[in-house]
K.L.:
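Attaching a single structure in structure tokens format; questions to follow.
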Number of protein chains: 2
Amino acid sequence: MRQPATSARAATPSAPGSVGDVRKANLVRVLSVIAAAGEDQRLSRADIAQLSQLTKASVSSLVADLLAAGLVIEIGVHRDGERGRPSVGLILNPTRCVMGMEINVDYIAAGLVDLKGKLLAHGILPRTNHGSTASEVLTALGELSQTLQEAARSQGLMILGGGLAVPGLVQEDQFTVLQAPNLGWVEQNLDVASLLPEPKTRFRLFNEANASALAQQQLMDAQDRDFLFVSGEVGIGGGLIIDAELFIGPQGHAGELGHVVIEPDGKRCSCGGRGCLETIAGQEAILAAAGLGAGTDNASRQERISQLYQALQSGTDVAVNAVAEAGKSLGVAVASALRLYNVSTVVFGGHFAALEQWLRPAMEASLHEHAPSIADQARLLRSPLGQTGALVGAARSVVGDLLEAPYQLVD
Amino acid sequence: MRQPATSARAATPSAPGSVGDVRKANLVRVLSVIAAAGEDQRLSRADIAQLSQLTKASVSSLVADLLAAGLVIEIGVHRDGERGRPSVGLILNPTRCVMGMEINVDYIAAGLVDLKGKLLAHGILPRTNHGSTASEVLTALGELSQTLQEAARSQGLMILGGGLAVPGLVQEDQFTVLQAPNLGWVEQNLDVASLLPEPKTRFRLFNEANASALAQQQLMDAQDRDFLFVSGEVGIGGGLIIDAELFIGPQGHAGELGHVVIEPDGKRCSCGGRGCLETIAGQEAILAAAGLGAGTDNASRQERISQLYQALQSGTDVAVNAVAEAGKSLGVAVASALRLYNVSTVVFGGHFAALEQWLRPAMEASLHEHAPSIADQARLLRSPLGQTGALVGAARSVVGDLLEAPYQLVD
DNA sequence: GCCATTTAGTTTATGTCCTGAACTATATTG
DNA sequence: CAATATAGTTCAGGACATAAACTAAATGGC
């Protein structure tokens with residue numbers, strides 16, 4: 001069971017090498033040119049020919065297929081003030097979309113993302129998922145999905161596929177969650193068939209940090225082709241983008257920054273190890289260090305987190321120090337990760353984004369202390385992604401798959 | 001799914017998408033089938049047609065081009081005991097080769113590697129390169145190369161390209177060594193033009209650990225498509241193979257295991273950081289911990305290393321403990337790296353291979369302590385590569401490039 | 001108002017390359 | 001020596017990109 005390892009993409013058809021493959025490749029080429037166009041840009045066939053290095057004749061023929069497949073539509077345009085025959089604008093079909101979904105510890109979410117990667121509609125439902133079985137959660141998510149499917153119908157949107165993000169290790173090809181300690185799941189098989197209406201063309205399962213990294217990618221400059229996204233949720237996840245592609249490693253679990261060893265003689269971790277980053281910079285670890293550990297005042301985690309922010313705002317030493325300590329450890333983990341991956345940009349999301357002002361000084365100092373030769377080029381960014389980040393990323397990745405295999409939709 | 005950055009291969013021609021590209025792809029396909037054949041296997045055109053999924057007609061035509069390019073030769077075969085027209089055997093041209101070279105701290109080396117990846121001839125010249133300028137070392141290497149070129153001439157071998165491995169960070173596209181602290185080099189531009197005879201088709205520069213990883217790959221089972229090679233030389237390098245391709249990261253420096261942070265409050269490292277693996281498990285660190293630090297008895301490093309092995313053989317506590325301590329730290333670094341890369345096989349080369357029996361127990365214990373959930377699946381192997389490893393790997397990689405771009409040689 | 005100019009897009013002839021089927025070449029078996 | 005089996009080549013046909021010619025539809029100058 002060989003997995004496409006580094007990107008989990010439907011690899012270029014490696015079957016025979018016939019002339020037909022050229023057309024497949026060129027369909028992708030044309031489509032990617034159209035997809036890369038700016039928001040209000042309406043490329044003509046002539047523009048595409050120039051950008052894609054194909055001839056006008058080829059482009060016309062390829063575009064005809066894409067129109068037939070419904071991936072692209074024509075928009076008549078009369079360019080004022082210029083001579084010559086006016087061009088016909090071509091854009092990605094705005095009525096085609098993909099459903100993105102997320103199951104997190106404290107909520108479920110779903111939304112519709114168009115072929116441009118824009119979130120058209122979404123719903124977030126608070127829900128305590130820890131302890132629920134997968135099927136219970138999926139039932140709730142299925143209802144949320146139904147609501148969005150109706151919204152899609154009323155707006156004339158066609159749903160072409162779906163992506164689901166969960167906070168844990170996944171085995172994508174079998175729709176299985178291998179481990180999601182924060183959900184209390186071990187080896188849960190997800191029956192995702194009911195989440196989407198027919199005809200879906202593709203459904204994929206993602207780790208939450210990986211999906212968020214994909215969403216973050218959309219927000220970055222086009223030249224930022226490499227970065228590490230660090231997701232501070234209940235656990236600490238990581239998603240790595242290399243050469244503008246998600247790098248997931250041989251079994252799809254690369255980027256697990258939360259279990260990088262920071263203190264060889266440190267505390268026991270939930271993973272069974274010792275001294276992992278999560279034991280110092282995980283949500284519960286920070287809370288505990290700030291004197292707000294589980295059980296304090298019988299408060300829920302949400303309440304304790306609120307208390308933490310209050311304490312930070314008022315400058316309470318124990319809280320400030322707890323976060324600074326986490327920042328120091330994050331700096332160490334980042335130093336090692338940057339060395340191993342050879343990336344120079346790190347984007348922090350989740351509670352790390354929220355804690356930024358208290359985290360950053362210690363983190364930067366630690367990075368300079370432990371890897372001065374790369375610290376100066378390193379960029380540490382705060383992610384603006386909110387609760388919809390993971391679902392958008394999951395959907396966007398499925399959109400990417402569709403755009404890279406348009407011939408599956410061409411008759 | 002573009003791939004260039006992660007594998008540094010001559011990417012599939014991403015220019016226009018013409019019918020001619022099909023032929024290029026099919027040339028590669030046919031050639032890779034021939035290259036994948038066993039040592040004594042002589043595939044016929046019919047065999048190739050079956051294995052490559054192409055028709056006999058196509059294969060005949062493609063093979064004709066490969067014969068013309070000199071990459072493949074025919075060997076007449078009469079298969080006894082079978083009916084039908086006998087087949088004509090096809091094998092990679094055994095008279096084509098690539099020169100692999102290495103500059104290390106204590107020696108320079110060069111050798112000829114055929115298209116099958118076999119080392120045909122080689123020379124190793126002890127030389128203290130630390131302190132020499134790049135041009136001095138290259139002059140010496142050029143002489144060694146001349147010797148091998150004469151050997152090649154006398155055996156009728158044609159040299160198609162070359163690869164050079166150095167113990168440091170390289171910028172391949174400019175033939176520049178950015179840093180090689182153990183050679184005392186900073187930003188050295190290598191004038192490699194004189195190292196090879198014309199017509200060379202390709203020359204590449206490698207980090208030593210990366211090149212060794214490529215050589216190790218040749219020794220692994222075909223299904224071992226992912227592993228981390230850890231090279232214990234004067235420094236500690238790493239080479240990562242993902243999905244049977246070298247992963248070098250955005251700037252080509254991924255895998256720097258030597259500067260993973262093991263002890264956040266540890267010793268200052270030569271890289272400027274603190275607590276890096278090299279400060280504990282580097283050659284000098286182990287020697288120092290064993291009471292054989294630089295300057296001891298005015299002995300050279302080679303002599304001190306000999307003393308270390310003697311002390312280990314006789315069970316001297318301080319030496320045994322020094323190596324065990326290094327093993328523990330290696331276990332920590334490996335735990336983090338396996339988590340970040342999601343590979344499960346690690347191969348140890350250089351002095352780590354030599355120290356295996358003293359290193360392994362502590363390393364395994366440490367890995368189980370710090371990452372028990374993955375330690376059981378992890379395989380820690382000892383590399384049998386000797387001093388020719390890096391040069392073979394560098395050459396083999398260039399061979400791979402040639403076999404993946406045969407159309408450059410086809411008229 | 002008309003014609004030259006300009007740009008968009010289509011049509012057509014051509015060449016490349018793969019495919020499948022027919023065909024040739026060369027062996028073994030009875 | 002004929003039947004059979006396997007290897008490899010030849011040839012007609014189709015898919016596709018290309019370049020150049022051609023049609024379509026606007027603007028601008030006179």
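What you are looking at is a predicted structure, and each value in this text was computed from that prediction instead of being measured. Reminder, nothing fancy here: chain letters follow the sequence lines and each chain counts from 1.
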K.L.:
For A:Thr55, which residues count as a side-chain hydrogen bond (donor to acceptor under 3.5 Å, both in side chains) partner, sequence neighbours excluded?
P.N.:
A:Ser58
K.L.:
For A:Thr55 and D:dT18, is the shortest distance between a side-chain N/O and OP1 or OP2 below 4.0 Å?
P.N.:
yes
K.L.:
What pairs of nitrogen or oxygen atoms, one from the protein and one from nucleotides 3-7 of chain C, lie under 3.5 Å apart?
P.N.:
residue, atom, partner, partner atom, Å
C:dT6, O2, A:Gly84, N, 3.1
C:dT7, O2, A:Arg85, N, 2.7

K.L.:
Pick base, sugar-phosphate or nothing for A:Val88, based on heavy-atom distances below 4.0 Å to the nucleic acid.
P.N.:
sugar-phosphate
K.L.:
Parallel, tilted or perpendicular: which one describes the rings of B:Phe175 and B:Phe203, with boundaries at 30° and 60°?
P.N.:
perpendicular
K.L.:
Looking at A:Ala151, is its backbone amide N or carbonyl O close enough to the side chain of A:Ser154 to form a donor-acceptor pair, meaning the two atoms are under 3.5 Å apart?
P.N.:
yes
K.L.:
How close or far is atom C1' of D:dT6 from atom CG of B:Leu43, stated in whole angstroms?
P.N.:
16 Å
K.L.:
B:Arg42 has an atom CZ; how far is it from atom P of D:dA7, in whole Å?
P.N.:
17 Å
K.L.:
Check the distance between D:dA17's C1' and B:Asp21's CG and give it to me in whole angstrom.
P.N.:
10 Å
K.L.:
For B:Gln53 and C:dC18, give me the distance from atom CD to atom P, rounded to whole Å.
P.N.:
15 Å
K.L.:
Side chain of A:Ser44: nearest nucleotide among C:dC18, C:dT10, C:dA8?
P.N.:
C:dA8
K.L.:
Working to the nearest 0.5 angstrom, can you tell me the gap between A:Leu240 CG and B:Asn342 CG?
P.N.:
12.0 Å
K.L.:
Roughly, in whole Å, what's the span from CG in A:Leu62 to C1' in D:dT18?
P.N.:
13 Å
K.L.:
Taking the side chain of B:Ser58 as its heavy atoms from C-beta onward, which of C:dG9, D:dA7, C:dT19 lies nearest to it?
P.N.:
C:dT19
K.L.:
C:dC17 P sits how many Å from A:Lys24 NZ, rounded?
P.N.:
20 Å
K.L.:
Do B:Arg204 and B:Ser397 have side chains that get closer than 4.5 Å, going by heavy atoms?
P.N.:
yes
K.L.:
Check side-chain hydrogen bond (donor to acceptor under 3.5 Å, both in side chains) between A:Asp114 and all other residues, then give those that pass, not counting sequence neighbours.
P.N.:
none
K.L.:
Tell me: CG of B:Leu90 to C1' of D:dG8, nearest whole Å?
P.N.:
11 Å
K.L.:
With sequence neighbours left out, which residue pairs that include part of residues 40-55 of chain B fulfil the salt bridge (charged side-chain N to carboxylate O under 4.0 Å, His left out) condition?
P.N.:
B:Arg45-B:Glu74
K.L.:
Pairs under 3.5 angstrom, nitrogen or oxygen only, protein versus nucleotides 11-16 of chain D, please.
P.N.:
none

K.L.:
Taking atom C1' of C:dC17 as reference, at what distance in whole Å does atom OH of B:Tyr407 sit?
P.N.:
17 Å
K.L.:
Mind checking side-chain hydrogen bond (donor to acceptor under 3.5 Å, both in side chains) for B:Arg23 and listing every partner two or more places apart, or none if nothing turns up?
P.N.:
B:Ser61, B:Asp65
K.L.:
Has B:Gln41 got a side-chain atom pairing as donor or acceptor with B:Gly38's backbone, closer than 3.5 angstrom?
P.N.:
yes
K.L.:
Of B:Lys56 and B:Ser61, whose closest DNA chain C nucleotide lies nearer the 5' terminus?
P.N.:
B:Ser61
